[in-house]
There are 2 protein chains.
Amino acid sequence: MGTTQVEAAQEPKYWHLKTVLGDALDSEFAVGEVLPNERELAARFGVARATLRQALEQLELEGRLQRRRGVGTTVAPPRIGVSVGPSQGSWPGEGDDAWHAVGCVEAPAPAAVARLFGPGYDAGRSVHTIRRVRTSDAQPVATDLLYVPRASVPALSQLLTPAAHPLAVLRELHRLELENEDRAVELGSARAEDAKQLERLPGAPVLVLTTRYHSGGRVAAVSVATYRADTCRLTFGDSGAMEITHHDTASGEDDRAQAS
Amino acid sequence: MGTTQVEAAQEPKYWHLKTVLGDALDSEFAVGEVLPNERELAARFGVARATLRQALEQLELEGRLQRRRGVGTTVAPPRIGVSVGPSQGSWPGEGDDAWHAVGCVEAPAPAAVARLFGPGYDAGRSVHTIRRVRTSDAQPVATDLLYVPRASVPALSQLLTPAAHPLAVLRELHRLELENEDRAVELGSARAEDAKQLERLPGAPVLVLTTRYHSGGRVAAVSVATYRADTCRLTFGDSGAMEITHHDTASGEDDRAQAS
DNA sequence: GAGTGGTCTAGACCACCCA
DNA sequence: GGGTGGTCTAGACCACTCG
């Protein structure tokens with residue numbers, strides 16, 4: 001019986017590993033520092049590589065590590081707070097909101113998006129579909145598809161060069177009076193196209209922010225934006241504050257309240 | 001070399017599997033239906049169980065599957081939209097907001113939370129810490145810790161039974177004039193205590209919603225809420241609409257716009 | 001006790017990055 | 001070419017649920 005198993009752990013190894021590594025990250029590593037490679041870490045902790053990887057995956061999910069194939073695992077900087085309104089209701093692309101249009105097509109909206117326009121919407125009609133990328137601190141944090149039905153921008157000329165097209169759509173959109181926006185956030189995984197824009201692998205965890213822009217009693221535009229979940233914190237509301245790192249979700253500091 | 005490998009896939013097996021399973025879910029399964037077990041599915045697709053599990057994990061992350069140890073894997077219902085304001089600024093626990101206090105202690109706030117109160121805050125002081133649970137459709141969707149500094153509720157009597165305590169704190173809080181709220185959403189993983197409340201395993205993906213309640217020029221209360229990322233969609237803004245399922249993030253419907 | 005998903009192992013090979 | 005993380009395998013045992 002005398003194994004070295006002092007801890008009689010009932011918690012999984014990878015979970016314990018995660019906390020050990022997390023603590024080490026706080027105390028012994030600086031942001032940007034490179035960790036030993038996975039094979040060595042696994043050997044050092046006496047576990048299989050797959051088990052170690054389970055711990056690293058969790059830490060990456062929490063935004064504490066960054067792993068890049070062919071390069072290594074580094075300590076991630078605190079998450080970036082990106083403001084997603086309501087900044088007193090403005091149209092997408094208005095002012096300078098860090099978005100940058102990279103393409104535009106006209107096509108029928110996918111069924112799931114068409115539904116967002118409401119029951120009165122004719123699903124067969126093609127809409128202006130603008131792909132945009134949002135950067136912060138010189139790195140891509142989000143990519144979105146902005147759907148603008150032709151009915152929302154009727155004055156738009158039909159003949160436009162690809163470069164002029166998205167800008168013209170946005171310009172027309174800004175002429176409308178924006179009445180309201182509503183938003184929803186959920187967890188998703190990056191599709192291939194999004195992943196490429198975000199410089200991540202397909203399947204990477206993202207926060208999907210869906211915004212509906214209301215004008216004239218209708219939904220005038222819909223944006224489906226995917227934010228990198230590892231590097232971003234989405235902030236709502238007025239003050240641009242809340243510039244805090246808190247790795248709460250992972251760490252100790254158990255100030256537990258009684259459970260039911 | 002004539003293996004049956006027709007597809008010459010450059011995409012990983014688990015990724016391809018995920019889309020195949022996802023499509024099957026749409027076309028051949030009803031919500032709540034039980035899938036074949038992992039060993040059989042793996043055999044059926046000719047892959048190792050670990051590979052199959054990678055695909056299932058992704059689908060679960062996207063809220064399309066629900067897996068329970070000892071029970072099986074079932075098709076998940078669409079995500080529940082839970083409103084997280086701003087419902088025209090009201091205090092937590094005001095009206096009936098689906099939250100239910102399950103415990104309360106007084107203790108110093110963890111450092112990460114103390115920082116949210118701003119520079120003028122004395123980190124050593126103990127705060128009322130109320131644990132709450134939010135349910136929707138008879139299942140738990142979120143749990144939070146609500147931190148209320150004693151300075152925010154000075155009139156509170158010192159002697160309270162555990163049962164009366166949280167309610168008294170909330171009652172006093174509601175006397176204050178709520179000026180503002182700001183929020184942030186980020187991805188996290190459930191700590192052990194949270195996981196239990198949410199009926200999930202530790203490490204399960206959650207959306208962490210941090211809210212600061214401002215009153216009298218100060219931060220009068222802070223809430224750190226963890227929502228089940230698999231079953232919830234957080235909705236902001238007025239209308240309680242947006243009751244849409246869109247598995248966009250995973251599915252086909254490629255209406256791609258040109259990349260940069 | 002039978003069946004489920006959850007954890008873990010010890011290997012192998014691949015895709016990518018960089019010197 | 002050498003090193004990194006990413007994928008994949010074929011097993012094993014464990015924790016949990018339920019009849």
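Atom set for the values below is all heavy atoms of this structure, side chains included, hydrogens, waters and symmetry mates excluded. Treat the numbers as computed from the prediction; the structure is a model and nothing was measured. Per chain, numbering begins at 1; letters A, B, ... match sequence-line order.
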Starting at atom NE2 of A:H16, determine the distance to atom C1' of C:dC8, rounded to an integer number of angstrom. 16 Å
Measure the distance from CG on A:L201 to C1' on D:dG5 and round it to the nearest whole Å. 9 Å
Within the distance-only criterion (no hydrogens, no angle test), does the side chain of B:T51 pair as donor or acceptor with the backbone N or O of B:V47 below 3.5 angstrom? no
Where the side chain of A:P12 is defined as all heavy atoms beyond and including C-beta, which of D:dT7, D:dG6, C:dC8 is the nearest nucleotide? C:dC8
Here the distance between atom P of C:dG5 and atom CG of B:L35, to the nearest Å, is 9 Å
Whole angstrom is fine here: how far is it from CZ in A:R53 over to C1' in C:dG6? 18 Å
Would you mind reading off the distance between B:R67 atom CZ and C:dG6 atom P, rounded to a whole angstrom? 5 Å
Contact under 4.0 Å: B:N37 side-chain N or O vs C:dT4 OP1/OP2: yes
Nearest whole angstrom, please: distance from the C1' of D:dT7 to the CZ of B:F45. 18 Å
Of the candidates C:dG5, C:dT7, D:dG6, the side chain of A:E38 sits closest to D:dG6
Using a 3.5 Å distance criterion without hydrogens, assess whether the side chain of B:T235 forms a donor-acceptor pair with backbone atoms of B:V82. yes
In whole angstroms, the gap separating P of D:dC16 from CD of B:E199 amounts to 15 Å
Ion pair check, A:D230 and A:R79, cut-off under 4.0 Å: no
Rounded to whole Å, the OH-P distance (B:Y14 to D:dC8) equals 7 Å
May I ask you to decide whether A:E60 forms a salt bridge with A:R64, counting only side-chain N to carboxylate O separations under 4.0 Å? no
Quick one: does any side-chain atom of B:R228 pair with a main-chain N or O of B:L198 as donor and acceptor, under 3.5 Å? yes
Quick one: closest heavy-atom pair of B:G63 and B:A76, and the distance? O-CB, 3.4 Å
For D:dT4, does OP1 or OP2 lie under 4.0 Å from any side-chain N or O of A:T73? no
Can you tell me how far CG of A:L209 sits from CD of A:E186, rounded to the nearest 0.5 angstrom? 10.0 Å
What does the B/S/- profile of nucleotides 9-19 of chain C look like, 5' to 3', with a 4.0 Å heavy-atom cutoff to protein? B--BB-BBB--
